[in-house]
There are 2 protein chains.
Amino acid sequence: MRSTPVRKALLKILSKDQAPLSAFDILAKLHAQKLLANKTTVYRQLDSLEKQGLIHTVRLSDRSVRYELAGKDDHHHHLVCVKCNDVKDVDFENHLSRQEKNIEKSKKFKILRHSMEFFGLCFNCQ
Amino acid sequence: MRSTPVRKALLKILSKDQAPLSAFDILAKLHAQKLLANKTTVYRQLDSLEKQGLIHTVRLSDRSVRYELAGKDDHHHHLVCVKCNDVKDVDFENHLSRQEKNIEKSKKFKILRHSMEFFGLCFNCQ
DNA sequence: TTTATTAATGCAACAAAGTTGCAAATCATA
DNA sequence: TATGATTTGCAACTTTGTTGCATTAATAAA
């Protein structure tokens with residue numbers, strides 16, 4: 001792992017933003033600060049950062065893929081505004097693990113991970 | 001709405017299969033029964049059937065999009081096998097609506113719909 | 001400081017999953 | 001069966017990534 005300008009800028013961008021960003025968002029932000037990186041480079045850096053465990057890839061069921069800094073409260077879910085596309089974190093582990101055990105038994109399905117998203121309108125868009 | 005060969009075959013395929021099928025799956029099944037429909041046609045029929053409320057589009061967070069017949073127990077979630085890609089339905093509304101109300105209040109976010117998937121290993125793949 | 005090594009980058013081409021415009025074929029109903 | 005609106009197929013295009021390959025740049029060693 002080398003510390004290159006793109007890598008540094010990318011981590012800085014992700015650490016400033018609380019909402020997970022798409023590759024396109026990130027590319028735009030890089031260009032906005034006059035760092036004209038190629039999209040291939042951005043994708044490769046995101047891959048590499050993910051493998052290092054520094055970021056997490058968030059795949060939403062609206063088919064958007066976003067990236068967020070790893071670290072804090074690592075497992076959480078998302079509130080996605082269908083109007084402005086803003087994404088916020090939300091904690092929701094409460095009953096899930098217990099219910100997952102029920103599912104595993106009744107469906108004979110070994111759960112490795114889950115994904116849960118709430119789509120709706122954020123405060124500003126209501 | 002006209003009753004064309006593609007439309008009829010498509011509905012028949014979806015009614016036979018309990019797991020939601022991808023557009024590619026459907027196209028393959030059509031070709032298997034010597035109905036050489038174009039992918040554009042399949043996508044347009046799926047669109048039209050969705051608008052008529054006859055089928056539902058299932059967008060999973062692994063970025064796959066699948067289609068299933070509408071009707072029965074319309075709101076449910078999915079168990080997705082990460083090995084064989086089989087998808088099964090699972091009911092899980094229990095605590096969700098109550099918790100959604102909490103989220104709406106505390107996050108000032110109006111929830112319109114949610115999506116939940118469990119990824120893991122089905123019985124055959126364990 | 002210079003050099004060597006290896007990773008990072010840019011470019012162009014490719015890929016998967018759809019979407020769109022348009023002309024041709026087909027369904028249905030009068 | 002003639003008419004007119006729907007469907008269909010084809011080709012081209014779009015989006016979001018991915019890959020190969022030659023070039024450039026970061027870092028560690030000399």
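Given the structure is predicted, the values throughout are model-derived calculations rather than measurements.
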Quiz prompt | Residues which pass side-chain contact (heavy atoms from CB on, under 4.5 Å) with B:Asp62, listed by chain and number, not counting sequence neighbours | solution = B:Leu60, B:Ser64, B:Val80, B:Phe119
Quiz item: For A:Lys107, which residues count as a side-chain contact (heavy atoms from CB on, under 4.5 Å) partner, sequence neighbours excluded?
Solution: A:Ile103, A:Phe109, B:Leu79, B:Val90
Exercise. Would you mind classifying the nucleic acid contact of A:Arg44 as base, sugar-phosphate or nothing, using non-hydrogen atoms under 4.0 angstrom?
Key: base
Quiz item: Taking only residues two or more places apart in sequence or in another chain, which ones pass side chain to side chain donor-acceptor pair (under 3.5 Å) with B:Asp47?
Solution: none
Self-check item: side-chain hydrogen bond (donor to acceptor under 3.5 Å, both in side chains) partners of residues 117-126 of chain A, not counting sequence neighbours, each pair once
Solution: A:Ser61-A:Glu117, A:Ser115-A:Glu117
Exercise. With a 4.0 Å heavy-atom cut-off, tell me which residues in residues 23-41 of chain A come close to DNA chain D, sorted by residue number.
Key: A:Lys39, A:Thr40
Result block: side-chain N/O donor-acceptor pairs under 3.5 angstrom for residues 32-44 of chain A, not counting sequence neighbours:
unit_1, atom_1, unit_2, atom_2, d
A:Asn38, OD1, A:Thr40, N, 2.8
A:Asn38, OD1, A:Thr40, OG1, 2.9

Self-check item: With sequence neighbours excluded, residues passing side chain to side chain donor-acceptor pair (under 3.5 Å) with A:Thr4
Solution: none
Exercise. Could you check how far OH of A:Tyr43 sits from P of C:dA15, rounded to whole Å?
Key: 18 Å
Quiz item: Roughly, in whole Å, what's the span from CG in A:Asp47 to C1' in C:dT9?
Solution: 15 Å
Self-check item: With B:Asp25 via side chain to side chain donor-acceptor pair (under 3.5 Å) - residues at least two apart
Solution: B:Ser22
Quiz prompt | Start and end of the DNA chain D segment that chain A contacts, any atom under 4.0 Å from a heavy atom | solution = D:dT16 to D:dT27
Quiz prompt | Listed partners of A:Lys8 passing side-chain contact (heavy atoms from CB on, under 4.5 Å), at least two apart | solution = A:Ser3
Quiz item: What pairs with B:Gln45 under side chain to side chain donor-acceptor pair (under 3.5 Å), at least two apart in sequence or on another chain?
Solution: B:Arg7
Practice problem: Give a yes-or-no answer on whether the side chains of B:His114 and B:Gln99 include a donor-acceptor pair shorter than 3.5 Å. | Solution: no
Practice problem: Send over the distance from A:Lys8 NZ to C:dT9 C1', rounded to a whole Å. | Solution: 15 Å
Show each protein N/O and nucleotides 26-30 of chain C N/O combination with a separation under 3.5 Å, one pair to a line.
unit_1, atom_1, unit_2, atom_2, d
C:dT26, O2, B:Arg2, NH1, 3.0
C:dC27, O2, B:Arg2, NH1, 3.4
C:dC27, O2, B:Arg2, NH2, 3.0
C:dA28, OP1, B:Ser3, N, 3.2

